[in-house]
Structures are given as structure tokens and as C-alpha cells.
Chemist: 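The following block contains the structure, expressed as C-alpha cells.
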Amino acid sequence: MSNEDTADLEEKLIVRNTRYEDIEGIIKMNQLGFGNPEIAFKREHFESQLSIFPEGQMCIEYKGEIIGSCSSIIVNFDDYGVNHTFSQIADDGFIRNHNPNGENLYGIEVVVHPDYRHMKIGRRLYEARREICRKFNLKSILFGGRIPNYHNHANNFSAEQYVEQVIKRNLYDPVLTFQLMNDFELIKVMPNYLAKDEASLEYATLMEWKNSEYIADMNERYQQSLPVRITAVQYNINPISSFEEFAAQCEYYVNASSRIRSNMVVFPEAFTMQLQSFLNEKVPSKQVRQLTSYLDEYKELFSDLAIRYSINIVAGSNFVQKGDSLYHAVFLFHRNGKVDKQYKLHISPYEKKWWGIHPGNELKVFDTDCGKVSMLLGYDALFPEVARLAVNRGADILVTPFTASDKQGSLRIKHCAQARAIENQVFVVTAGSIGNLTQVYHMNNQNAQSGIYSPIDYDLSENGVVSECAPNVETMVVGKVDLELLRRNRLNGTVTPLRDRRSDLYQVKMKDEETKTAQHQ
């Protein structure tokens with residue numbers, strides 16, 4: 001076709017539901033499209049499909065001619081399993097087993113007129129099928145796809161090997177290659193699927209597209225957005241003279257966050273070191289141990305604030321004494337009164353040298369009314385493995401309270417937070433402190449730029465920044481993150497690193513490296 005013909009085609013294509021008067025045209029097109037009339041549907045098949053599930057039958061009309069069509073049925077796929085045949089799941093094409101209460105759309109035929117291939121007719125039919133899936137709030141689209149070029153390679157490859165070569169783009173198959181390019185994923189290769197399909201040697205590929213807008217046990221067509229408003233406090237570590245002053249400064253931020261209806265407020269790492277401005281201890285290791293005596297007051301304060309202002313509070317961090325060992329812990333105070341804590345897993349060089357902090361050994365993911373939350377305290381954010389583990393366990397939001405004594409330290413946290421957001425398709429919140437306490441080690445100079453970060457994609461953020469404050473000013477960062485958009489992004493984002501990760505490769509490599517290290521030692 002010329003460019004002129006293409007433009008004309010684009011203007012006059014009509015995508016619509018199939019009607020009874022279209023049947024003869026579709027039959028002629030199918031016989032041309034399949035090249036094997038034996039496997040094409042007959043009139044009685046189309047009439048049965050239209051009488052049982054008319055909404056699932058689509059066609060494309062151009063200048064009064066049908067140039068593409070597709071047929072579908074709703075089923076509960078679990079009733080059939082991955083070893084079904086076409087005859088079983090499509091009722092030999094009559095679809096009398098159509099289940100209007102089923103959870104999956106099953107495609108039983110897609111045909112494009114040979115004269116109009118390479119004109120995106122197939123893509124339009126696939127999109128029409130996706131619209132049906134969304135309209136009926138179905139989990140996914142599945143079908144058994146033909147592999148019509150397989151007979152040319154059967155002497156060299158098994159069906160599974162042939163499919164693998166097509167997936168790797170070493171071989172081309174007009175059907176399977178097209179399906180892969182339209183975001184369908186292979187589940188398995190099925191033998192004896194479609195009788196008399198000589199080109200495929202009766203093999204088929206079970207393919208699936210998951211509907212990111214599916215809502216379990218709800219009647220609405222689309223999932224409501226699930227926004228969470230978060231406040232990150234860039235806290236000023238200024239001198240105070242009592243615990244009451246510390247409490248008043250914290251309450252100011254909690255109150256301000258509650259008034260703007262934030263669901264969660266996050267304070268920085270080690271901000272309880274502000275109490276040292278009136279405790280007058282000079283030895284760093286004794287300073288942090290002295291703070292453990294305020295743990296009960298700290299917990300009572302934030303439990304009360306969380307309940308009274310009806311807001312979840314990540315109350316920075318405090319120090320916990322267990323026997324002779326000292327730990328650094330971040331606390332989460334739920335607005336329903338529950339309290340959770342996460343011990344810091346990676347201890348920074350200065351914490352080891354000056355404070356004698358011990359690492360925790362368990363990463364936790366907490367259920368909240370804001371989604372699943374994991375807390376990576378300061379230095380933990382620099383380790384990608386921890387974030388990946390948290391997301392694998394269901395985390396939607398990673399919270400990183402941090403402290404940094406210089407610009408480099410602050411930038412490390414910022415850039416790692418953005419990397420974790422992209423790598424894991426997750427929201428990341430950072431909260432740091434500013435100001436200085438000249439008599440307190442590691443608090444004599446503070447540097448921070450707090451922010452809320454997301455994956456970079458059209459529906460989320462063009463630069464990965466939901467909200468971010470200016471460096472080194474006392475302020476609050478407020479941003480809204482949408483957990484439903486995040487869920488969809490993980491399924492159908494422009495890139496899907498969470499889904500595409502090669503855990504099989506990483507685990508093998510890690511074990512090899514561990515073995516080599518042990519041998520060298």
C-alpha cells in the first residue's frame with residue numbers, strides 16, 4: 001500500500017462488534033487468512049458465538065469489507081488448567097460453556113485479511129479484546145496461539161526449543177512474534193491443542209496478558225485510586241533545654257501534617273540526639289547509651305501523638321539496649337495504637353567506631369492503612385539487596401530516615417533512594433535533619449535534602465520526584481503517592497524491572513562468589 005492508501009485506511013477503519021450480516025465476509029476472510037479451511041470456523045460457529053456472547057466478538061470494517069475479526073469467551077481458567085485442548089475450552093468453537101461469572105477472557109480466534117497485514121489490524125483487534133477484558137473486570141486474557149512456522153523447523157527443534165528461539169528473536173513466527181510484541185507472556189507450550197493444524201503440528205503456545213485494572217470481588221469497572229499523602233520532616237536539630245521542648249517541636253510537625261490530612265509523617269534518623277543539648281555528656285559512646293533511658297518517654301510521646309492526631313508516625317530512630325549490646329532502631333507508631341520497630345541492619349563506620357552499635361538481623365515489612373511499609377534506616381538505603389528483599393515481601397513504600405554530616409552523605413542517600421525506587425518500582429521517602437549541636441559528635445553539622453521519590457514513568461513522575469524540598473532549610477515535604485498506579489506500573493510499565501529481574505542468575509553468581517571467597521580465605 002502507498003502512504004496515501006495508509007492515510008485513507010486510518011481514516012475509514014471501523015472497529016466494532018460483529019453482527020450476523022458480517023458472517024459471510026468473515027468466513028471468506030478466515031479461509032484466506034488461515035490458508036487451511038479445515039480449521040476455520042463455519043457459519044454455525046459464528047451464529048452460536050453471537051447468540052451467547054455478542055460483546056466478545058469484534059471485527060474491523062474498511063470500505064464495507066471485513067478485514068479483521070476476533071472471537072472470545074469468558075471462562076474460569078482454573079476449571080481447565082494449562083493442559084487443555086482447543087476443543088475443551090472453546091466447545092469446538094460454539095462457546096456453549098461461556099461463563100458470564102468467569103474471571104478470564106479466552107481468545108479463540110484472531111484473523112487478519114492477508115491484503116491488510118502489516119497495517120496494525122491485529123494490534124487493533126488485540127486492543128479491542130483488552131477493552132472487553134477491562135469492561136467485564138476480568139483478571140486476564142489467555143489463548144492458545146498457533147506457531148505456523150514450526151513445521152519448517154521441526155527437524156531441528158522440539159516445539160519448546162522452537163518457541164524459545166522465537167522468544168530470543170533468533171527465529172520469526174508470524175503469530176508468536178506478534179503476540180510477544182503485544183505484551184503477552186508465555187505460560188507453556190501445549191501439544192495436541194488444535195486438531196488438523198498441520199503448520200503448527202498441533203502445538204500451541206499458552207499466552208497471557210494480565211489486566212492491571214482488575215478488581216477482585218468488586219463490581220466497579222475500574223479500581224479507585226489509592227492515594228497516600230505523606231509528610232517528610234526536614235527537622236532542625238537546634239539546642240533545647242528539656243524533653244518537653246523536644247516533644248513540643250515534634251508535636252508541631254505532627255499537628256501540621258494532620259491538618260493537611262497526611263496519612264503518614266516521617267522524622268529523621270537519630271533526631272533524638274537533640275536531647276543531648278541539655279544532658280551534657282561528652283563521650284560519644286556514653287551519649288547514645290544515655291538516650292536509651294528516654295526510650296519509654298519517647299514511645300509514650302509518639303504513641304499519644306499518633307492516636308490523638310490520627311496519623312501514622314515514623315518517629316525517626318532511637319537507641320535500644322539489649323543486655324550489653326546497643327542497637328539503632330526506627331519506630332513506626334500506627335494511628336490505631338500499634339507500635340512496630342526495625343533494627344538497623346547495616347552499621348556505618350562511624351556508628352561502629354564511636355558508638356559501638358550492633359546490627360539487627362531481620363528485615364520486616366509492616367502492614368499499615370497506607371499499604372505495606374518497610375523502613376531502611378540511613379545506611380541501609382545504600383544496599384540494593386535490602387530494598388529488593390523488602391519489595392519481594394510486598395512493600396509498597398520504603399521509608400528512609402537518615403542523617404548526614406556533609407553534602408556528599410546527603411546526596412548518597414538521595415541518589416540511592418531514587419535508584420531503589422526505579423529498580424524496585426516502589427515509592428521511597430527520605431527525611432533528614434539540619435542544624436547543629438556543637439557539643440554532640442556527628443551532630444555538629446547536619447546536611448539534608450528530604451524527598452519523596454517514585455519510579456520514572458508516564459503515570460507516576462517524569463523525573464522520579466514526587467516532592468522534594470530545598471537543601472538545608474527547616475521545612476516539611478508533602479507528596480501524594482498512589483498505590484493503585486504503582487500496582488499497574490509493576491504490571492504494565494514502560495519498563496518492568498521488578499518483573500524482569502534474573503533472580504536465577506543472581507543467586508547462582510552470588511553462590512559462586514561466596515565459594516571463591518571461602519576458597520581464598
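What you are looking at is a predicted structure, and each value in this text was computed from that prediction instead of being measured.
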Chemist: Is it the case that atom CD in Glu300 sees more than 12 heavy atoms from other parts of the structure closer than 6.0 Å?
Modeler: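 Count not over threshold, so no.
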
Chemist: In terms of side-chain geometry, is the basic nitrogen of Arg308 or Glu251 positioned less than 4.0 Å from the acidic oxygen of its partner?
Modeler: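 Counted as a salt bridge, because a side-chain N and a carboxylate O are separated by less than 4.0 Å.
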
Chemist: With side-chain hydrogen bond (donor to acceptor under 3.5 Å, both in side chains) as the test, would you mind laying out the steps for Tyr327 and Gln321 before giving the verdict?
Modeler: CA-CA 6 Å; Tyr327 296 87; Gln321 185 92 31; over 6 Å; no

Chemist: Check for me whether the distance between the ring centres of His84 and Tyr106 falls short of 6.0 Å.
Modeler: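 Yes, the ring centres sit under 6.0 Å apart.
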
Chemist: Passes ring-ring contact (aromatic ring centres under 6.0 Å, His included), Tyr350 versus Tyr379? Steps please.
Modeler: CA-CA 11 Å; Tyr350 77 80; Tyr379 198 41; 8.6 Å; no

Chemist: Give a yes or no on this: more than 12 heavy atoms of other residues, nucleotides or ligands lie within 6.0 Å of atom OH of Tyr252.
Modeler: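 12 or below, so no.
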
Chemist: In terms of heavy-atom contacts, does CG of Asn463 have more than 12 from other residues, nucleotides or ligands at under 6.0 Å?
Modeler: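 Buried by this count: over 12 neighbours within 6.0 Å.
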
Chemist: Check this for me, if you would: do Arg388 and Glu385 make a salt bridge, where the nitrogen-to-carboxylate-oxygen distance has to be below 4.0 angstrom?
Modeler: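 No salt bridge links Arg388 with Glu385.
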
Chemist: To the nearest 0.5 Å, tell me how far Asp459 CG sits from Asp482 CG.
Modeler: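 The distance works out to 9.5 Å.
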
Chemist: Can you classify the ring geometry of Phe267 versus Phe271 as parallel (below 30°), tilted (30 to 60°) or perpendicular (above 60°)?
Modeler: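 Plane angle under 30°, so parallel.
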
Chemist: Quick one: does any side-chain atom of Asn76 pair with a main-chain N or O of Asp78 as donor and acceptor, under 3.5 Å?
Modeler: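 Not a single qualifying donor-acceptor pair exists.
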
Chemist: Is it true that Glu131 and Lys135 have a side-chain N and a carboxylate O under 4.0 angstrom from each other?
Modeler: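 No, Glu131 and Lys135 are not salt-bridged.
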
Chemist: Do Asp457 and Thr494 meet the criterion of a side-chain donor-acceptor pair at a distance under 3.5 Å?
Modeler: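 Yes, Thr494 and Asp457 have a side-chain donor paired with an acceptor closer than 3.5 Å.
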
Chemist: Do you see a donor-acceptor pair shorter than 3.5 Å between the side chains of Ser348 and Glu351?
Modeler: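 There is such a pair (donor and acceptor under 3.5 Å, judged by atom type) between the side chains of Ser348 and Glu351.
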
Chemist: Sub-3.5 Å donor-acceptor pair from the side chain of Ser72 to the main-chain atoms of Leu105, do we have one?
Modeler: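 No; zero donor-acceptor contacts below 3.5 Å.
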
Chemist: Do the side chain of His98 and the main chain of Ile74 share a donor and acceptor less than 3.5 angstrom apart?
Modeler: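 Yes; at least one donor-acceptor contact below 3.5 Å.
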
Chemist: Return yes if a side-chain donor-acceptor contact under 3.5 Å exists between Gln274 and Asn238, otherwise no.
Modeler: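 On atom types as modelled, these side chains qualify, holding a pair under 3.5 Å.
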
Chemist: What I want to check is whether the side chains of Ser241 and Glu245 have a donor and an acceptor closer together than 3.5 Å.
Modeler: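 Note: Ser241 and Glu245 side chains meet the donor-acceptor criterion.
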
Chemist: Would you say the ring centroid of Trp209 lies under 6.0 angstrom from that of Tyr126?
Modeler: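 They do not qualify: ring centres at least 6.0 Å apart.
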
Chemist: Do the side-chain N and O atoms of Gln449 and Gln234 include a donor-acceptor pair separated by under 3.5 angstrom?
Modeler: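 No, no side-chain donor-acceptor contact under 3.5 Å.
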
Chemist: Can the ring centres of Tyr298 and Phe331 be said to be less than 6.0 Å apart?
Modeler: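 Yes, ring centres under 6.0 Å apart.
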
Chemist: For Glu281, is there an ion pair with Arg289 - N to carboxylate O distance below 4.0 angstrom?
Modeler: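 So Arg289 does not pair with Glu281 through a salt bridge.
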
Chemist: Would you call Glu484 and Arg488 a salt bridge, taking side-chain N to carboxylate O under 4.0 Å as the test?
Modeler: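 Yes, this pair counts.
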
Chemist: Could you grab the distance from atom CZ of Phe427 to atom CD1 of Ile230, nearest 0.5 Å is fine?
Modeler: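 Phe427 CZ to Ile230 CD1: 8.0 Å, rounded to 0.5 Å.
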
Chemist: So, Arg499 side chain and Arg490 main chain: donor-acceptor pair closer than 3.5 Å or not?
Modeler: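 Looks like no, no N/O pair under 3.5 Å.
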
Chemist: Please check if the side chain of Gln425 supplies one atom and the backbone of Asn489 the other of a donor-acceptor pair under 3.5 Å.
Modeler: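 Pair found, side chain donor or acceptor close to backbone of Asn489.
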
Chemist: With salt bridge (charged side-chain N to carboxylate O under 4.0 Å, His left out) as the test, would you mind laying out the steps for Glu127 and Arg123 before giving the verdict?
Modeler: CA-CA 6 Å; Glu127 184 52 42; Arg123 184 182 297 181; over 6 Å; no

Chemist: Is it true that the NZ or CZ of Lys372 lies under 6.0 Å from the centre of Phe366's six-membered ring and within 45 degrees of the ring axis?
Modeler: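 Judged by the rule, Lys372 and Phe366 form no cation-pi pair.
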
Chemist: Looking only at the side chains, is there a donor atom on one of Ser140 and Asn104 sitting less than 3.5 Å from an acceptor on the other?
Modeler: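 Yes, because at least one side-chain N or O of Ser140 sits under 3.5 Å from a partner of the opposite role on Asn104.
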
Chemist: Please answer whether the main-chain N or O of Arg335 pairs with a side-chain N or O of Asn312 as donor and acceptor at a distance below 3.5 Å.
Modeler: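 Judged by distance alone, yes, a pair lies under 3.5 Å.
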
Chemist: With a 3.5 Å cut-off and no angle check, do the side chains of Tyr235 and Gln446 form a donor-acceptor pair?
Modeler: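 There is no such pair (donor and acceptor under 3.5 Å, judged by atom type) between the side chains of Tyr235 and Gln446.
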
Chemist: Does the side chain of Ser262 pick up a donor-acceptor pair with the side chain of Ser257 at under 3.5 Å?
Modeler: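 Side chains of Ser262 and Ser257: no pair found under 3.5 Å.
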
Chemist: Could you walk me through whether Asn97 and Tyr80 pass the side-chain hydrogen bond (donor to acceptor under 3.5 Å, both in side chains) test, one step at a time?
Modeler: CA-CA 11 Å; Asn97 57 326; Tyr80 298 87; 2.8 Å; yes

Chemist: Would you please test Phe243 and Phe246 for ring-ring contact (aromatic ring centres under 6.0 Å, His included) and show each step?
Modeler: CA-CA 5 Å; Phe243 185 87; Phe246 170 76; 5.6 Å; yes

Chemist: Check whether any side-chain N or O of Gln88 sits under 3.5 Å from a backbone N or O of Thr85 as a donor-acceptor pair, and report yes or no.
Modeler: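 Answer holds: yes.
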
Chemist: Flag yes if more than 12 heavy atoms outside Arg169 fall under 6.0 Å of its CZ atom; otherwise flag no.
Modeler: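 Result for CZ/Arg169: enclosed.
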
Chemist: Are His328 and Phe319 close enough that their ring centres sit under 6.0 Å apart?
Modeler: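 That pair passes the under 6.0 Å test.
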
Chemist: In Å and rounded to the nearest 0.5 Å, what is the CG to CG distance from Asp296 to Asn318?
Modeler: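 Interatomic distance, Asp296 CG to Asn318 CG, rounded to 0.5 Å: 10.5 Å.
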
Chemist: So that I can tick it off, tell me whether Arg130 and Glu213 are bridged by a salt bridge, with the cut-off set at under 4.0 angstrom between side-chain N and carboxylate O.
Modeler: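 No, Glu213 and Arg130 are not salt-bridged.
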
Chemist: Does Lys344 pair with Glu269 as a salt bridge, N-O distance under 4.0 Å?
Modeler: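 Salt bridge: yes.
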
Chemist: Using modelled atom types and a 3.5 Å cut-off, is there a donor and acceptor pairing between side-chain atoms of Asn472 and backbone atoms of Ala448?
Modeler: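 Yes; at least one donor-acceptor contact below 3.5 Å.
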
Chemist: So, Asp340 and Lys364, do they make that salt bridge, N to O below 4.0 Å?
Modeler: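 Looking at Lys364 together with Asp340, the answer is no, because their closest N to O distance does not fall below 4.0 Å.
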
Chemist: Indicate whether the side chain of Asn83 and that of Lys188 have a donor and an acceptor atom separated by less than 3.5 Å.
Modeler: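 Yes.
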
Chemist: Going by distance alone, is a donor N or O of one side chain under 3.5 Å from an acceptor N or O of the other, for Ser212 and Arg487?
Modeler: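 No donor-acceptor contact under 3.5 Å links the two side chains.
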
Chemist: Is it true that Lys139 and Glu208 make a salt bridge, defined as a side-chain N closer than 4.0 Å to a carboxylate O?
Modeler: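 Salt bridge between Lys139 and Glu208, a charged N being under 4.0 Å from a carboxylate O: no.
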
Chemist: If only atom types and distance count, is the side chain of Asn447 paired as donor or acceptor with the main-chain N or O of Ala404 below 3.5 Å?
Modeler: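 No.
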
